[in-house]
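Working notes for the structure below.
In what follows, every chain begins at residue 1, and chains take the letters A, B, ... in the order their sequences are listed.
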Number of protein chains: 2
Amino acid sequence: MSKVIIDDVAARAGVSIKTVSRVMNNEPNVSERTRDRVLSAARELNYRPSLSARGLAGSRSYLIGLLYDNPSPAYLAEVQAGLLEACEASHYSLALHPCHHEDPGMPAAVSAALAQARLDGLIITPPVCNVPALMAAVEERGVPYAVISDEAGPSGIAVTIDESAAMRDLTEHVIGLGHTRIGFIAGHPDHKGAARRRDGFETAMKAHGLAIDPAMVVQGYFDFESGRHGARDLLSRTNPPSAIIAANDDMAAGALQVAHDKGLHIPTDLVIVGFDDSPLSRQVWPPLTTVRQPVADMAREAAARVIARLTGAAEPDNPANLAFPHELRLRQSSLGDT
Amino acid sequence: MSKVIIDDVAARAGVSIKTVSRVMNNEPNVSERTRDRVLSAARELNYRPSLSARGLAGSRSYLIGLLYDNPSPAYLAEVQAGLLEACEASHYSLALHPCHHEDPGMPAAVSAALAQARLDGLIITPPVCNVPALMAAVEERGVPYAVISDEAGPSGIAVTIDESAAMRDLTEHVIGLGHTRIGFIAGHPDHKGAARRRDGFETAMKAHGLAIDPAMVVQGYFDFESGRHGARDLLSRTNPPSAIIAANDDMAAGALQVAHDKGLHIPTDLVIVGFDDSPLSRQVWPPLTTVRQPVADMAREAAARVIARLTGAAEPDNPANLAFPHELRLRQSSLGDT
DNA sequence: GCTTCGATTGACAGCGCTGTCAGAAGATGG
DNA sequence: CCATCTTCTGACAGCGCTGTCAATCGAAGC
């Protein structure tokens with residue numbers, strides 16, 4: 001039981017190893033009876049094909065790479081969970097490739113790693129997928145890939161939510177509460193999603209006839225600390241906002257902390273809302289109104305699509321760009337106790 | 001540049017492929033001159049040995065597996081970061097293996113996966129490393145492994161902090177603040193660490209002549225929601241505590257939320273402290289006093305030790321069980337504004 | 001009944017690398 | 001200078017699997 005190889009299965013099923021191989025790879029032209037015999041032999045022996053041998057002999061490595069640059073742990077965990085689900089379903093494995101998106105040598109390094117590990121596919125999260133040089137390198141290598149973003153290269157798959165629309169909805173919720181002076185803490189300038197969210201905010205403001213005061217928009221970097229800075233800036237203005245929209249939950253939590261320090265009561269003195277529906281948004285006090293994006297689902301779908309492309313499965317009708325629904329999560333940071 | 005194999009390097013360096021192999025594996029008995037020639041040839045060609053071929057030909061797969069059961073995202077991310085550092089330094093890769101520690105079939109499944117992927121080593125986090133059947137299976141397979149816990153099997157490596165001492169320190173800090181009626185929200189009963197922390201709490205209480213009122217100790221499960229439940233229970237007692245110690249930060253954050261809902265001011269009405277120094281502990285309000293354990297360092301060391309064992313490097317003198325230092329992080333949830 | 005063709009199966013040659021072992025090249029000593 | 005080690009290097013045989021291609025089988029067609 002410790003080291004079952006294909007020959008054992010072949011012997012037990014009374015067929016050649018090639019036939020076992022066919023069955024294990026779901027190849028056509030195997031009679032139903034043979035297939036069953038092989039499958040039960042494999043099951044009884046608890047046989048699992050060796051990934052190394054498969055990788056070496058075939059062209060495939062059965063490895064999907066995840067390219068990321070220290071996003072928030074919660075986001076990373078959710079992405080991984082989604083990817084792993086899809087991978088396990090198809091007997092693929094996931095290889096982690098953290099990297100630094102600002103490092104100019106990164107695309108080359110990734111390219112080399114791709115060659116070494118013979119990764120079959122790649123999943124790329126923001127902000128890495130917003131680095132043109134990297135995307136060019138990936139395209140050039142011809143590896144099937146998906147980005148968790150709204151724009152892939154010509155051969156890529158993109159899964160995303162409509163971040164602009166989501167932020168528009170969120171902003172309209174705040175506007176609907178009666179606020180007119182609304183502060184905005186923008187996301188990391190290297191993330192395309194951050195720009196989309198900002199667009200959504202501005203669109204909603206304009207649609208409701210509200211001017212966008214430049215003093216009410218501050219630069220953030222998607223991390224907690226930048227949320228604190230942003231909120232301190234906004235609240236120290238001569239005419240501070242009555243509501244703050246942060247481009248993600250971490251920054252909103254930072255804003256919340258600053259507000260508490262200043263003795264402001266949320267949401268009566270100040271409304272604060274975030275974006276992402278991260279665990280943090282539920283764990284701070286008061287819980288943050290935010291927008292949920294189904295990250296795990298998106299990741300699962302991204303991996304599934306890439307794997308489908310790999311296995312030559314028929315491409316679904318849907319376009320390569322597919323959008324997932326977002327959902328407003330109204331909580332006490334905008335609504336008060338209920 | 002896309003597919004450099006060992007023969008190319010051998011040709012360029014004017015040696016046999018075996019010699020290239022020796023150099024790539026840092027084997028002894030290669031002259032300095034030859035080694036240099038091979039190394040520069042490899043560098044110029046941007047050669048990376050194929051993992052599949054290495055895995056197939058040699059006994060090694062250059063893969064370290066991480067066995068975990070949905071711990072908090074922050075913990076997972078930190079562990080992964082530490083492991084990846086060690087792996088990259090030695091050209092190993094990390095394979096993720098989430099599992100369910102209560103699933104009776106899990107040990108067998110892991111054993112099978114071990115055989116399939118030919119994992120060279122294993123890193124196991126709590127609570128998976130507290131499942132005897134699993135640990136028995138791992139021991140039986142003879143794979144070098146490390147647990148991030150204080151107790152490994154005969155052949156394993158254990159890296160940990162002294163959780164009991166850490167909780168003792170934390171408890172003494174709270175006692176030192178003048179509290180005598182202290183509530184405790186215990187951790188998940190399947191985690192050995194949870195028991196250690198509880199021991200530490202009780203030891204400190206006894207050492208200071210404080211009785212442990214059973215009504216002041218509630219069961220938690222290390223998650224936010226159980227922290228809420230626990231705190232609600234504790235605070236609804238006829239004689240509620242003036243301080244709550246949670247066995248981790250997530251639960252402390254839950255307790256904090258309940259306290260806020262009840263209108264209690266932290267820390268004047270109630271002191272709340274956590275454990276782990278997770279990002280969350282800094283992001284709630286007020287920030288939580290907690291205990292830092294250097295998870296990333298521990299993980300890195302765990303992986304480094306396992307890899308050292310794999311490469312036959314001399315075992316360091318230190319025992320297989322090695323303890324890292326912990327550190328009290330005093331913040332406003334116990335100290336108030338300063 | 002015998003040919004024909006598609007469906008099914010197997011023999012065989014690697015994939016790129018490492019382990020083994022024998023051979024070549026230096027180093028050492030008398 | 002030659003014998004004796006030691007150090008270094010290379011030839012060769014797989015590792016477990018898949019791709020190719022040829023062989024076999026069975027059913028349909030004449």
* Asked: For every nucleotide of nucleotides 11-17 of chain D, 5' to 3': is a protein heavy atom under 4.0 Å from its base (B), only from its sugar-phosphate (S), or from neither (-)?
  -> B--BBBB

* Asked: Any ring pair (Phe, Tyr, Trp, His ring centres under 6.0 Å) pairs touching residues 32-64 of chain A, not counting sequence neighbours?
  -> A/Tyr62-A/Tyr92

* salt bridge (charged side-chain N to carboxylate O under 4.0 Å, His left out) partners of residues 25-34 of chain B, not counting sequence neighbours, each pair once -> none

* Structure fact -> Between CG of A/Asn29 and C1' of D/dC25 the distance, given in whole Å, is 13 Å

* Given atom CG of B/Asp120 and atom P of C/dT18, what is their separation to the nearest angstrom? -> 13 Å

* To do: Not counting sequence neighbours, which residues clear side-chain contact (heavy atoms from CB on, under 4.5 Å) with B/Val15? List them please.
  => B/Ala13, B/Thr19, B/Val20, B/Thr34, B/Arg37, B/Val38

* Structure fact -> Residue pairs passing the salt bridge (charged side-chain N to carboxylate O under 4.0 Å, His left out) test with at least one member in residues 40-52 of chain B, sequence neighbours excluded, are B/Arg12-B/Glu44

* Structure fact -> Here the distance between atom C1' of D/dC25 and atom CZ of A/Arg33, to the nearest Å, is 13 Å

* Figure out the CZ/P separation between B/Arg35 and D/dT7, and round it to whole Å. => 14 Å

* Asked: Of all the nucleotides listed (D/dG19, D/dG10, D/dT7), which has the minimum atom distance to the side chain of B/Thr19?
  -> D/dG10

* Polar contact flag, side-chain donor to acceptor under 3.5 angstrom, A/His191-A/Asn130 -> no

* Is B/Glu27 touching bases, backbone alone, or none of the nucleic acid, heavy atoms closer than 4.0 Å? -> sugar-phosphate

* Contact under 4.0 Å: A/Thr34 side-chain N or O vs C/dT9 OP1/OP2 -> yes

* How long is the line joining CG of B/Leu51 and P of C/dT18, in whole Å? -> 10 Å

* Pair listing, side-chain hydrogen bond (donor to acceptor under 3.5 Å, both in side chains) test, anchored in residues 78-88 of chain A, at least two apart -> A/Gln80-B/Gln80, A/Glu85-A/Arg300

